[in-house]
Participant: 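If you scroll down you'll find the structure; I have some questions about it.
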Amino acid sequence: QEELVESGGGSVQAGGSLTLSCGSASQHSAKFTTMCMAWFRQAPGKEREVVAHINGYDTPTYADSVKGRFTISRDNAKNTLNLQMNSLKPEDTAMYYCAAHHYVICMTDYDAYTWKGQGTQVTVSS
């Protein structure tokens with residue numbers, strides 16, 4: 001299983017911003033250009049949930065809890081996925097995971113994804 005590497009997590013105060021990035025750990029990675037890529041998160045004591053995904057047609061979809069605050073995008077030249085997070089809230093505190101799979105259409109089941117990262121921690125204080 002090819003691994004992804006996330007970066008950009010950290011600690012911020014409520015109302016602040018962070019940008020997460022995700023790329024392949026391998027120099028000989030598959031190109032993610034036409035694949036679904038997604039961001040998931042898991043807070044302590046809670047189930048992992050999808051935050052946002054972008055399909056192979058570059059159509060983004062967001063969880064209701066982050067609509068209007070988060071923006072998912074991909075950089076095809078760098079073969080990376082980004083998540084711009086604005087107006088952060090304490091309830092956004094979680095480990096954030098990047099994932100990708102072969103298909104153009106996205107799914108919300110984390111286990112269905114082929115490539116996954118180890119996660120990056122986001123902590124938002126009030």
Side-chain angles (χ1 to χ4, degrees):
Q1 175 178 315
E2 184 169 343
E3 284 197 4
L4 301 175
V5 178
E6 302 95 339
S7 62
S11 297
V12 296
Q13 290 190 330
S17 299
L18 285 172
T19 300
L20 306 183
S21 294
C22 166
S24 174
S26 170
Q27 290 184 336
H28 305 288
S29 168
K31 295 297 182 183
F32 300 120
T33 306
T34 58
M35 298 181 187
C36 167
M37 299 189 77
W39 287 99
F40 290 80
R41 67 185 180 187
Q42 187 168 21
K46 294 188 177 181
E47 292 188 355
R48 198 183 325 249
E49 61 177 358
V50 62
V51 175
H53 56 66
I54 185 165
N55 66 18
Y57 304 111
D58 281 343
T59 301
T61 301
Y62 300 94
D64 288 343
S65 59
V66 306
K67 279 182 182 176
R69 300 188 297 121
F70 289 12
T71 302
I72 188 171
S73 62
R74 68 169 100 224
D75 184 329
N76 290 331
K78 297 180 180 179
N79 205 32
T80 58
L81 179 73
N82 300 313
L83 185 69
Q84 175 68 44
M85 305 186 296
N86 298 326
S87 301
L88 283 161
K89 304 176 181 180
E91 51 263 45
D92 294 318
T93 296
M95 185 71 79
Y96 283 70
Y97 299 89
C98 174
H101 68 176
H102 288 286
Y103 305 106
V104 173
I105 303 301
C106 291
M107 293 176 280
T108 57
D109 181 2
Y110 182 75
D111 291 337
Y113 284 76
T114 307
W115 294 281
K116 299 169 185 176
Q118 296 299 311
T120 186
Q121 178 67 38
V122 172
T123 302
V124 184
S125 58
S126 57

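Bear in mind the structure is a predicted one, so any value in this text is a computation, not a measurement.
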Participant: For H53 versus C36, what's the shortest heavy-atom pair and its separation?
Facilitator: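 Heavy atoms of H53 and C36 come nearest at CB-SG, 4.4 Å.
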Participant: Looking at R74 and T34, would you say the former's side chain and the latter's main chain have a donor-acceptor pair under 3.5 Å?
Facilitator: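 Between the backbone of T34 and the side chain of R74 there is no qualifying donor-acceptor contact (under 3.5 Å).
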Participant: Does the plane of the ring in Y96 sit parallel, tilted or perpendicular to the ring in F70? Use 30° and 60° as the thresholds.
Facilitator: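 Y96 vs F70 ring planes: tilted.
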Participant: So, for A52 and L83, which heavy atoms are closest and what is the spacing to 0.1 Å?
Facilitator: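 Taking every non-hydrogen atom into account, CB-CD1, 4.4 Å.
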Participant: Tell me if a side-chain donor or acceptor on Y113 pairs with a main-chain N or O of M107 at a distance below 3.5 Å.
Facilitator: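 Such a contact is found between Y113 side chain and M107 backbone.
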Participant: Looking only at heavy atoms, what is the nearest atom pair of N55 and V104, with distance?
Facilitator: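 Closest heavy-atom pair between N55 and V104: CB-O, 3.0 Å.
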Participant: For atom OH of Y110, is the number of surrounding heavy atoms from other residues, nucleotides or ligands below 6.0 Å larger than 12?
Facilitator: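 Result for OH/Y110: enclosed.
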Participant: Donor-acceptor pairs under 3.5 angstrom involving side-chain atoms of residues 8-18: please list them, not counting sequence neighbours.
Facilitator:
{"from": "S17", "atom 1": "OG", "to": "N86", "atom 2": "OD1", "distance (Å)": "3.0"}

Participant: Looking only at non-hydrogen atoms, find the nearest pair between Q121 and T93 and report the distance.
Facilitator: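 Closest approach of Q121 to T93: NE2-CG2, 4.0 Å.
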Participant: Tell me whether E6 contacts the main-chain N or O of C98 through its side chain, where contact means a donor paired with an acceptor under 3.5 Å.
Facilitator: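 Checking the backbone N and O of C98 against the side chain of E6, a donor-acceptor pair under 3.5 Å is found.
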Participant: Minimum heavy-atom separation for I72 to P60, with atom names?
Facilitator: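 Scanning both residues completely, I find the closest heavy atoms to be CG2-CB, 3.6 Å.
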Participant: Minimum heavy-atom separation for N79 and T33, please, with both atom names.
Facilitator: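 The answer is OD1-N, 4.3 Å.
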Participant: Take K89 and D92 through the test salt bridge (Lys or Arg N to Asp or Glu O under 4.0 Å) and record every step on the way to the result.
Facilitator: CA-CA 5 Å; K89 304 176 181 180; D92 294 318; over 6 Å; no
Participant: Could you tell me whether F40 and Y97 have their ring centroids closer than 6.0 angstrom?
Facilitator: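 No, the ring centres sit 6.0 Å or more apart.
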Participant: So, the side chain of R48 versus the backbone of Q42: is there a donor-acceptor pair under 3.5 Å, distance only?
Facilitator: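 No, the answer is negative, given that no donor and acceptor are paired below the 3.5 Å cut-off.
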Participant: Before you tell me yes or no, could you show the steps for N82 and S21 under side chain to side chain donor-acceptor pair (under 3.5 Å), namely the whole-Å CA-CA distance, both residues' side-chain angles and the distance that decides it to 0.1 Å?
Facilitator: CA-CA 4 Å; N82 300 313; S21 294; 2.9 Å; yes
